[in-house]
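Let me begin by presenting the structure, written as structure tokens, before commenting on it.
This is a predicted model, so every value here is computed, not measured. FYI, side chains are in, hydrogens and waters are out, and symmetry mates aren't considered; it's all heavy atoms of this structure. By convention in this document, chain letters (A, B, ...) are assigned in the order of the sequence lines, proteins followed by strands, and residues within each chain are numbered from 1.
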Amino acid sequence: MLSHKKTYLVLAILLLVCAVPLLAQDTSVSYNSYSSDPVPRAFDESIVALWNEAHPEMPVNHSILNHEDFKQAIRAYLVAEPSPDVLTWFAGNRARFFIDKGLILDLSDMWAANGFDQSYAPGFNALATVGGSQYFLPTSYYWWAIYYRPSLFERAGITQVPETWEDFLGTCDALNAAGITPITIGARFRWPAAAWFDYLNMRTNGPDFHINLMLLQESYTDERVKATFAHWQELLDHNCFVQDPAALDWQEAVDDMVQERAAMYLMGAFIVDSYPDDMEDDLDFFRFPIIDPAIPVGEDAPTDGFFISANARNPQGAQEFLAFLGSQEVQQMALNELGRLPTRTDVDISGVAAPTQKGIALIQSADYVAQFYDRDTTPPMAEAGMDGFMRFWDDPASIDTILQDLEAERLRVLEEEGG
Amino acid sequence: MAQAASVTRNTRTKRRIDWTPYLFLLVPLAVYFVWIIAPTFYTFYLSMTNWDGIDPYPKFIFLDNFQYLFTKDRTFSEALINNLRWVVVFITIPTSAGLGLAMVFNNEMRGGRWYKISFYSPLVISLTVIGLIWGWVYHPRAGLINGFLSIIGVEDPPGWLGDRGLAIWCVIIAAAWRQVGYVMVLYLAGLKNIDPSFVDAARVDGANRWQLFRRVILPLLAPVTTIVVVISIIDSLRAFDLVSIMTRGAQSTQVLANFMYIEAFNNYRMGYGAAIAVVLFAISMVFIIFYLSRVIKDELEY
């Protein structure tokens, strides 16, 4: 048994040990990211090392979690006190969700002080801003487009990539006539089907209507949504798509192009990673065909970036580190080493490959940059929506019931948000 | 009176001794309470809130979640029906196949042990791996089944997991394949426990093989059959891994456990997810209590 004196002594020592970090005024910044794949991970670590070398008084503690676990963990991070300072996340609704709950730090001062309002492309400035203040630092994105094999187009006697809807249907017919499946898609996990909805809806009704639908401010039973599905129906009627899309992974559907069974694939730029390197000469992409030339052009370009928790322990240091992450030097390095597309306009892109320059031009010429269905709308709506798209695929005749179900889900989510 | 007093004193001393085992149980009971009992009741509470996983003050909405679940949610009825299909397949196919295999392998035969091991081996493989393997079996282009079908000249083979009408059955078959070995082992153990004198007596009485099986062995196996059926039902209700791996609930293959996961951790409807968990718990509880009462009764018999 300890005597009372000894007990007090032990308590006093314990207290001192606990108090030391407080007295020493910890100035470090904690940074949590989901870049767990080897190459981006190494790059991220090198950026942190660079910072720590230049700022030994304010070291950054970097922890990395894999993508899926991070998506779960972020909710716990942001409500913890104190929470990690700097976090990676996705733009659009995914970021909006936390911003609207007051969990994210307002970056307006840092934004203005670093001239980000000038150096970031207008579309990305808009993406960073909610209600006039900046909360999210968009740092990189990738584009979506219709990828195709020029050699197969040639074999089917197609001399020009389709630019209008009629061209596009004609292209499908010509490919079918040549015995080539026009479009491949691997929708086993459903999201590749959502890309078709995004583009058809933006091309049919314009990006404004699309984003309002994503924000649940328009109804799914609206005639305009039906018009979108009518265009989708035309593609089905022209036998544009591969058989059994729901049985294929998105990568398995790439094989259809590699093995010359199918000619086109609406996919993100990451399709190149799954495509054999020695065949990339015969892989190109074009803008999703314009249906109505009178309406503005929207493109999908999912954007990643950073924000700071409102409960951050060191908000000042976090903003300084964030300014570094969003600087021209870091974006230039990310472009040179990883091929990550810059959101700043002052990054030198002359050194990158021609397809990348083409992709950057595709997004920069767009009137609106959407984030992709499951990032632009709320998670339950995305879940129901993607399920609906696949149901439509299997049974186009039931479109009315499907849209009614989606509308019911929309109203339910709205009610939840209101309550 | 004097006698009565001594009796009370006796019980009192007894009671003091009786505390010792409880003291030993205190730690495991505390652990059990913290990790099992408390979360269970917390889930009951959550199921009556609209908690989104973040909000520190979720609203108490009483039975609204259950009302939506039972009256409006199509996915819930789909999941319930799929679980029901799962139960029906599980208590028929693997049970009869397992019993058949057990009857065969109960006889001494060359390589019998090897066969038993091979039928049991799927149970050793993790469900994730089984999901991946069967995903390849069902693959519409390069899969085992369609590869075979195209060899024998079938023109337009089905898309299996991509086919809304077939997908759930494909998943259940994969699960049943795994279950067969398990049921077989349970029945083999049951057959070993049958007193050979019953079988000999039946033979002496001139029973043929079918009569022997139908009138002697099967009735003697009844306790095992009960356990097999109850385990099959509970396993069907727990079904999650294969659906999550093979389809993630797409193509009308939703089951309750996966639906709960998606609502809670994908859609961030913790309260609603908890409500699904409670429904699943209530259905499972009926069979678990039945199973436990059986097991306890058996234990008392021996």
> So do B:Asp235 and B:Arg238 actually touch side chain to side chain, heavy atoms under 4.5 Å?
Replying inline: yes
> For A:Asp255, is it the side chain, the backbone, both or neither that has a heavy atom under 4.5 Å from a heavy atom of chain B?
Replying inline: neither
>> At a 4.5 Å cut-off on heavy atoms, which part of B:Tyr68 comes close to chain A: side chain, backbone, both, or neither?
In response: side chain
>> Check this for me, if you would: do A:Asp387 and A:Arg190 make a salt bridge, where the nitrogen-to-carboxylate-oxygen distance has to be below 4.0 angstrom?
In response: yes
> Is the A:Phe392 to A:Phe389 ring centre distance short of 6.0 Å?
Replying inline: no
> What part of A:Asp405 is in contact with chain B, defined as an atom under 4.5 angstrom from a non-hydrogen atom: side chain, backbone, both or neither?
Replying inline: side chain
> Which atoms of B:Asp156 come close to chain A, meaning under 4.5 Å heavy atom to heavy atom: side chain ones, backbone ones, both, or neither?
Replying inline: side chain
>> When you compare the side chain of B:Lys59 with that of B:Thr49, does any pair of heavy atoms fall below 4.5 Å?
In response: no
> Hey, does the Lys NZ or Arg CZ of A:Arg412 hover above the aromatic six-ring of B:Tyr272, less than 6.0 Å from the centre and inside 45° of the axis?
Replying inline: yes
> Checking heavy atoms, do the side chain of A:Leu103, its backbone, both or neither come under 4.5 Å from chain B?
Replying inline: side chain
>> Is A:Gln243 close to chain B through its backbone or its side chain, or both, or neither, when contacts mean heavy atoms under 4.5 Å?
In response: both
> Would you call A:Glu252 and A:Arg261 a salt bridge, taking side-chain N to carboxylate O under 4.0 Å as the test?
Replying inline: no
> A:Phe189 ring centre to B:Arg248 NZ or CZ under 6.0 Å, with the angle to the axis within 45°?
Replying inline: no
> Which members of residues 162-177 of chain B, sorted by number, sit under 4.5 angstrom from chain A on a heavy-atom basis?
Replying inline: B:Gly162, B:Arg164
> A:Phe229 vs A:Trp232 aromatic rings, parallel, tilted or perpendicular, using cut-offs 30° and 60°?
Replying inline: parallel
> Should the pair A:Lys101 and A:Phe97 be classed as cation-pi, given the thresholds of under 6.0 Å to the six-membered ring centre and 45° from the axis?
Replying inline: yes
> Using non-hydrogen atoms only, which part of B:Ile262 is less than 4.5 Å away from chain A: side chain, backbone, both, or neither?
Replying inline: side chain
